[in-house]
Amino acid sequence: MSILTSPRGKVEVVHCRRTESQDIFCIKNLVRKFTQKLFGRLNIIYLLEKANLAVTVCNDKEEIMAHSIFLDYPNWNVAKQDNWIPLFRELDKEIPCTPLNTLFMHFFVAVDEYATGCLKEIIRTVFKAVPELYFIFLIVPTYLSLGSTLITVFDQVGNIPCLNYNEDFAVHICHRHNHYPQLHIRKARVEDHDDLMPIFMHYDNTLKEIYGEYFLAELIEAQDKDHHAVVCEVEGKAVGFMSVCTSVNLPLLHECFDLGPFHGFCTPHPDDILKPSREPSLEEGEDAESQGSPKVVEEQEMAPEITQEKETETSASCEEALPTVLGLVSEERLKQDMEKNLSILSLVDEEDVASSLSSSLLLSVESSHFRPLYLGDPIAFCIQLFCIDERYEARSLDFMSFVFSLFPGKNFCLISVPHLTPEFVLIQNFVKVVPFNNCTLDHDLYVFHRAGLLRTPTAGQRNDLQNLAWWQ
């Protein structure tokens, strides 16, 4: 919410929200002749249906004070909707505008007394709501001035001709850095402690009670090649903090979450076991052994040797090997085991014993969960601690590019939060990992891939994306 003051000293408390269909009647009442000259005779209902973003400013009585509509193509017929980039690049080569970082203002109306304040509030809200947005263009006929309101946020870039008739249009631009700038990220320093502690205490004082008053300074001092602390700053003051490290408990995550879509957060290895081995039935194993089948011998010779160290890494591999071993047991050994069982299962026929043994084996196999075995190097790091001033939380993603640069060999960033933690802005950019039914952790796991930082890939970056696509 913001407070606007009119030239006559009147004060209004306003807030921005997405436009709703019932707002149309009030919006039409704000249209003036100058509005039609500036934007043309528009069908507001049609624009709202096509809009990428429509913002309405209301006061504390829910009265509409201003409204604006934004789309991803020019508001006058100066270029084709799907091919406007070359034309705008010719105006200024230093403006890297793309369909992903640019919007066009197609409509704006406001109450006259509060027009300037409402416009700035709308622009700030749009940049805050769309972190990838860096440019807003406005196109008007050259014979018209922007007026006292729009000229406060838009600067003229140049003129371009119309496609249909002989008339030029003026192109104006609004930059993000003038309203809701991208945050500056750097390595943390001990001097940042005093700026960051009020932010931590605003959310929770548990860390201070557990680790002491200067836990943050100690964490910053303990940085090394595997542990880093970074901050975001505004006008030289730290307004956010993130601690990252490469110490990830992958065996625990492997037991509790389905890491298959991410290849276990490891690099591919030729000895990876990604699928369960074929499980021959008990009868097939006996027939193969009694007939001296060369296929069984071949499978035994080709089976990879698993060291004791690898067996301790995962109990699932032992469970999966069980049916294969039982399938290759000799007939005499099986009869001996059955005779021993007769002392326990007294007065039971041999056929019943065999069927009981087979059914118990199937139950044990079905109850076990196969876990792939990943032998490659880990390529993930985790976020240990994170906080940011709520005024700048919409720019939380600015941290990610910097922390990935600290770990050039890592492709995944992980973060875990308790189940009932409210969703915050940073985690909205992460993907939630699916837990197994027998997961005992009281945390949710989220992952972010390095490729998520790419916005408009170049030819070389497209090749990098293809190389990283194996985990999908």
Side-chain angles (χ1 to χ4, degrees), residues 14 16-58 63-85 87-88 97 99 102-127 129-130 133 135-174:
V14 300
C16 290
R17 60 169 174 81
R18 288 187 178 273
T19 304
E20 301 174 353
S21 57
Q22 57 264 31
D23 299 334
I24 294 176
F25 178 77
C26 295
I27 292 171
K28 287 182 177 180
N29 291 335
L30 296 176
V31 176
R32 304 289 185 264
K33 290 183 178 181
F34 180 73
T35 306
Q36 295 181 353
K37 292 180 180 180
L38 207 61
F39 298 101
R41 298 178 63 89
L42 302 174
N43 185 333
I44 299 177
I45 298 177
Y46 174 81
L47 272 182
L48 288 177
E49 292 176 349
K50 299 294 183 180
N52 295 83
L53 186 62
V55 181
T56 296
V57 179
C58 300
E63 297 173 342
I64 294 178
M65 307 290 293
H67 167 77
S68 188
I69 299 176
F70 301 88
L71 285 88
D72 56 0
Y73 57 85
N75 54 307
W76 286 92
N77 192 19
V78 295
K80 294 182 179 180
Q81 294 183 8
D82 58 347
N83 191 30
W84 55 265
I85 298 178
L87 181 63
F88 282 77
C97 55
T102 304
L103 286 177
F104 294 83
M105 177 182 282
H106 279 238
F107 187 69
F108 172 76
V109 290
V111 175
D112 294 336
E113 278 189 290
Y114 303 95
T116 302
C118 288
L119 175 63
K120 293 181 178 180
E121 186 70 14
I122 288 176
I123 296 296
R124 191 184 70 86
T125 300
V126 170
F127 280 124
V130 190
L133 181 66
F135 311 104
I136 298 177
F137 282 106
L138 173 62
I139 303 174
V140 300
T142 53
Y143 63 87
L144 287 177
S145 64
L146 289 183
S148 59
T149 299
L150 293 171
I151 201 171
T152 59
V153 298
F154 286 97
D155 299 317
Q156 185 169 351
V157 180
N159 297 331
I160 53 179
C162 180
L163 292 180
N164 295 342
Y165 46 90
N166 188 19
E167 184 176 354
D168 289 342
F169 287 84
V171 179
H172 299 78
I173 189 172
C174 174

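A quick note: this is a predicted structure, and the numbers were derived from the prediction, not measured. Quick note: residue numbers are just sequence positions, from 1.
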How close do [X] and [Y] get, heavy atom to heavy atom, and via which atoms?
X	Y	answer
Leu38	Leu146	CD2-O, 4.4 Å
Pro74	Val78	CB-CG2, 3.9 Å
Phe135	Ile173	CD2-CD1, 3.7 Å
Leu133	Leu103	CD1-N, 3.6 Å
Cys16	Glu121	SG-CG, 3.5 Å
Cys118	Ala66	CB-CB, 3.5 Å

Close side-chain approach of [X] and [Y], heavy atoms under 4.5 Å:
X	Y	value
Leu71	Lys50	yes
Val157	His172	no
Phe39	Leu42	yes
Val55	Phe108	no
Cys174	Phe137	no
Pro99	Asp72	no
Pro141	Tyr143	yes
Arg32	Asp112	yes

Starting at [atom1] of [X], measure out to [atom2] of [Y] and round the result to the nearest 0.5 Å.
X	Y	atom1	atom2	answer
Thr125	Lys120	OG1	NZ	14.0 Å
Phe70	Leu47	CZ	CG	12.0 Å
Ser145	Ile151	OG	CD1	7.5 Å
Phe25	Ile44	CZ	CD1	12.0 Å
Leu48	Ile27	CG	CD1	6.0 Å
Cys26	His67	SG	NE2	11.5 Å

Discussion item. Quick one, Tyr73 with His106, criterion ring-ring contact (aromatic ring centres under 6.0 Å, His included). Give me CA distance, side-chain angles, the key distance, then yes/no.
Written reply: CA-CA 9 Å; Tyr73 57 85; His106 279 238; 5.2 Å; yes

Response to the item:
The side chain to side chain contact (heavy atoms under 4.5 Å, CB included) partner of Met105 among Asn75, Ile69, Leu150 is Leu150

Practice prompt. Give the C-alpha distance, both sets of side-chain angles, the deciding distance and a yes or no for side-chain contact (heavy atoms from CB on, under 4.5 Å) between Val140 and Leu138.
Written response: CA-CA 7 Å; Val140 300; Leu138 173 62; 4.0 Å; yes

Fill in: Check against side-chain contact (heavy atoms from CB on, under 4.5 Å), Val171 and Asn159
CA-CA 6 Å; Val171 179; Asn159 297 331; over 6 Å; no

Fill in: Side-chain donor or acceptor of Thr102 paired with backbone N/O of Cys97 under 3.5 Å
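Not confirmed, Thr102 side chain does not pair with Cys97 backbone.
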
Worksheet entry | Residues Thr56, Thr19; criterion side-chain hydrogen bond (donor to acceptor under 3.5 Å, both in side chains); working and verdict | CA-CA 5 Å; Thr56 296; Thr19 304; 2.7 Å; yes

Item to complete: Report the C-alpha separation of Cys58 and Met65 in whole Å, then their side-chain angles, then the decisive distance to 0.1 Å, and conclude whether the side-chain contact (heavy atoms from CB on, under 4.5 Å) test is met.
Response: CA-CA 5 Å; Cys58 300; Met65 307 290 293; 5.7 Å; no

Worksheet entry | Option passing ring pair (Phe, Tyr, Trp, His ring centres under 6.0 Å) with Phe104 (candidates Phe169, Phe154, Phe88) | Phe88

Fill in: Full working for side-chain contact (heavy atoms from CB on, under 4.5 Å) between Thr35 and Phe107
CA-CA 8 Å; Thr35 306; Phe107 187 69; 3.8 Å; yes

Practice prompt. Using a strict cut-off of less than 4.0 Å between a Lys/Arg side-chain nitrogen and an Asp/Glu carboxylate oxygen, indicate whether Asp23 and Arg18 qualify as a salt bridge.
Written response: no

